[in-house]
Amino acid sequence: MSTITIDDLTKRFGETTAIDGVSLSIDDGEILGIVGPSGCGKTTTLRTIGGFETPTSGRILFDDDDVTRVPPERRNVGLVFQSYALFDNMTVRENVQFGPKMQGVPRQERRDRADRLLSMLGIGDLSDRDPSTLSGGQQQRVGLARALAVEPRILLLDEPMTGLDAQLKRRLRDEIGSLLTELDVTALYVTHDQVEAMEMCDRIAVMNDGHVEQLGSPREVYESPATQFVSEFISLDYPEFAFVEETG
């Protein structure tokens with residue numbers, strides 16, 4: 001795991017500025033959510049941290065290591081995308097073992113690592129299945145196990161629950177949020193779903209038009225929005241969502 005620092009990051013595509021001077025930090029073991037409407041720059045921020053986009057200016061640090069120009073395969077990041085991107089010509093276990101295999105992890109160790117993660121995610125009995133035969137929720141868990149199997153410095157999740165039905169999303173929010181907390185993994189969670197971010201993340205960055213409008217805890221962002229945009233975007237009319245007052 002690592003502390004991640006994004007220092008005055010800017011990314012332009014021609015005349016379009018996708019990220020405009022963004023500075024953020026993610027503490028070791030923290031889950032930071034980035035929320036905002038389509039086109040606000042949240043996915044570009046994630047892709048730049050992962051090394052799939054080169055910033056126009058600014059720096060990215062993993063602990064004290066400047067990785068701004070380091071290629072993605074040398075950053076040791078775990079990736080979970082909305083499309084899952086599983087290999088259909090491999091079993092579930094082989095999918096999870098793929099990253100460690102590329103890292104040169106010995107065969108028995110990578111098998112043990114895969115079996116442990118699949119068991120933690122409640123899909124150990126699916127290890128010999130073809131991923132194409134799995135449900136969306138099961139594929140999503142395989143994708144998460146595969147990302148964690150490389151023991152990443154940071155886990156990057158880009159809209160991982162898009163396309164799942166509401167009931168499954170609700171269950172996975174609880175399960176995956178608990179798992180990430182248990183593993184104490186540093187994670188960046190990008191979503192357009194405010195409830196997902198509120199329930200799963202330690203802090204939330206609300207982005208709009210390439211800028212961070214507010215950074216704070218879910219309670220701070222919800223109860224004390226810094227701008228009109230944040231107030232309107234975070235306004236929640238979901239009866240399932242409520243803060244639980246701490247006692248004791």
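Predicted model only: the values in this text are computed from it and were never measured.
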With heavy-atom distances below 4.5 Å as the criterion, would you say the side chains of [X] and [Y] are in contact?
| X | Y | result |
| --- | --- | --- |
| D130 | T91 | no |
| P37 | F229 | yes |
| V221 | V206 | yes |
| N95 | P131 | yes |
| Q138 | V92 | no |
| L61 | I4 | no |
| L134 | V142 | yes |
| T5 | I60 | no |

Between [X] (side chain) and [Y] (backbone), is there a donor-acceptor pair under 3.5 Å?
| X | Y | result |
| --- | --- | --- |
| T56 | R12 | yes |
| E213 | N208 | no |
| D8 | G58 | no |
| E220 | S217 | yes |
| R129 | T133 | yes |
| E30 | T186 | no |
| D65 | V67 | no |
| R110 | K101 | no |
| Q214 | A205 | no |

Between [X] and [Y], which heavy-atom pair has the shortest distance, and what is it?
| X | Y | result |
| --- | --- | --- |
| D125 | G122 | OD1-O, 4.2 Å |
| G210 | V22 | O-CG2, 3.3 Å |
| Y189 | P160 | OH-CG, 3.4 Å |
| S2 | R153 | OG-NE, 2.9 Å |
| V35 | I234 | CG2-CD1, 4.3 Å |
| A187 | L157 | CB-CD1, 4.1 Å |

Is [X] salt-bridged to [Y], going by a charged N under 4.0 Å from an acidic O?
| X | Y | result |
| --- | --- | --- |
| R113 | E151 | yes |
| D115 | R93 | yes |
| K11 | D20 | no |

Working to the nearest 0.5 Å, report the span between [atom1] of [X] and [atom2] of [Y].
| X | Y | atom1 | atom2 | answer |
| --- | --- | --- | --- | --- |
| L9 | I19 | CG | CD1 | 5.0 Å |
| M120 | L144 | CE | CG | 9.5 Å |
| I26 | T3 | CD1 | OG1 | 9.5 Å |
| L32 | M200 | CG | CE | 13.0 Å |
| F87 | S132 | CZ | OG | 14.0 Å |
| L188 | L24 | CG | CG | 8.0 Å |

Same cluster (ILVMFWY, side-chain, under 4.5 Å), [X] and [Y]:
| X | Y | result |
| --- | --- | --- |
| L86 | V96 | yes |
| F98 | V150 | no |
| L79 | V105 | no |
| L46 | F52 | yes |
| I6 | F62 | yes |

Do other residues, nucleotides or ligands put more than 12 heavy atoms under 6.0 Å from [X] [atom1]?
| X | atom1 | answer |
| --- | --- | --- |
| R59 | CZ | no |
| D64 | CG | no |
| R107 | CZ | no |

Should L126 and L118 be marked as a side-chain contact (heavy atoms from CB on, under 4.5 Å) after you check the CA-CA gap, both sets of side-chain angles, and the distance that decides it? CA-CA 8 Å; L126 304 178; L118 291 170; over 6 Å; no
Restricting to pairs with a member in residues 33-49, which pass side chain to side chain donor-acceptor pair (under 3.5 Å), not counting sequence neighbours? T43-D158, R47-E53
With no hydrogens and no angle check, just 3.5 Å: does a side-chain donor-acceptor pair link D193 and T191? no
Would you say the side-chain atoms of D66 and T68 include a donor-acceptor pair closer than 3.5 Å?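 There is such a pair (donor and acceptor under 3.5 Å, judged by atom type) between the side chains of D66 and T68.
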One pair to check against side-chain contact (heavy atoms from CB on, under 4.5 Å): S25 and R203. What are the steps and the verdict? CA-CA 10 Å; S25 64; R203 289 188 300 153; 4.0 Å; yes
side-chain contact (heavy atoms from CB on, under 4.5 Å), that's the test. Do Q194 and F233 meet it? Break it down for me. CA-CA 8 Å; Q194 301 96 315; F233 185 79; 3.8 Å; yes
Determine, stepwise, if the pair L155 / L148 fulfils side-chain contact (heavy atoms from CB on, under 4.5 Å). CA-CA 7 Å; L155 181 65; L148 291 168; 3.9 Å; yes
